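Everything on this sheet refers to the single structure shown next.
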Amino acid sequence: MKTEHLKAMLWLRWTLSVRLWRRASVAGSVVAVVTAIAAGVTAVAGFGFAFGLGMLLLPRAGPEEVLIAWDGVVGGFLFFWAIGVMTELQRTEPLSLSKLLHLPVSLDSAFLLNYAASWLCLSQFF
């Protein structure tokens, strides 16, 4: 895939997102901002709690407990990542293949770009 194609696809994704945000109602925008702030506060509080708990318990832990702790971290990440992927797949695709196939890109590049666009979705970070 050429860099011009990648730039065009990223521009298309950005333009579609901006237009979607502009068409949203005021109430929807307020709910989205409140949800984003609540998610940020919850993330910071959860990080502080987990960091404090780790500082308290992990210095005395043996190798087995450290392994179990890291297994929990990785398992939690994979669980929430899988939920984000499933949520994204249920929604309509912002870069559907019908929007990409008329462009001079190969089918492999279109699938790769669609997959990469799913990684850029904000729902996977909350």
Side-chain angles (χ1 to χ4, degrees):
M1 179 174 10
K2 295 183 179 180
T3 57
E4 293 86 22
H5 293 153
L6 181 61
K7 287 178 186 177
M9 297 304 156
L10 291 176
W11 175 82
L12 177 63
R13 171 73 183 224
W14 177 254
T15 304
L16 290 174
S17 296
V18 167
R19 288 182 183 171
L20 182 67
W21 294 335
R22 286 183 184 162
R23 283 188 298 180
S25 66
V26 175
S29 299
V30 169
V31 168
V33 168
V34 169
T35 303
I37 291 172
V41 168
T42 304
V44 169
F47 175 76
F49 177 74
F51 188 78
L53 194 63
M55 292 294 290
L56 180 69
L57 296 177
L58 283 179
R60 297 182 302 231
E64 293 85 13
E65 290 86 7
V66 173
L67 179 65
I68 290 171
W70 277 109
D71 286 345
V73 168
V74 171
F77 169 76
L78 290 176
F79 175 74
F80 286 112
W81 178 77
I83 287 176
V85 169
M86 289 176 16
T87 303
E88 184 66 25
L89 288 175
Q90 288 178 353
R91 294 178 17 186
T92 58
E93 299 175 16
L95 290 176
S96 66
L97 291 177
S98 63
K99 294 178 185 174
L100 298 175
L101 290 180
H102 72 281
L103 298 172
V105 295
S106 67
L107 190 58
D108 293 339
S109 297
F111 277 114
L112 179 66
L113 187 63
N114 203 5
Y115 178 72
S118 71
W119 277 85
L120 298 175
C121 180
L122 290 178
S123 68
Q124 295 179 1
F125 297 115
F126 294 115

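Quick caveat: nothing in here was measured; it's all calculated off a predicted structure.
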Considering only distance and modelled atom types, tabulate donor-acceptor pairs under 3.5 Å from the side chains of residues 40-52, sequence neighbours left out.
{"unit_1": "Thr42", "atom_1": "OG1", "unit_2": "Ala38", "atom_2": "O", "d": "2.7"}

Quiz item: Which pair of non-hydrogen atoms, one from Gly54 and one from Pro59, has the smallest distance, and what is that distance?
Solution: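 Minimum heavy-atom separation between Gly54 and Pro59: O-CD, 3.5 Å.
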
Exercise. Supply the atom-to-atom distance His5 NE2 to Met9 CE, rounded to the nearest 0.5 angstrom.
Key: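 Answer for the NE2-CE pair, His5 versus Met9, is 7.0 Å.
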
Can you give each donor-acceptor pair under 3.5 Å made by side-chain atoms of residues 63-75, sequence neighbours left out, with the distance rounded to 0.1 Å?
{"unit_1": "Glu65", "atom_1": "OE1", "unit_2": "Gly62", "atom_2": "N", "d": "2.9"}

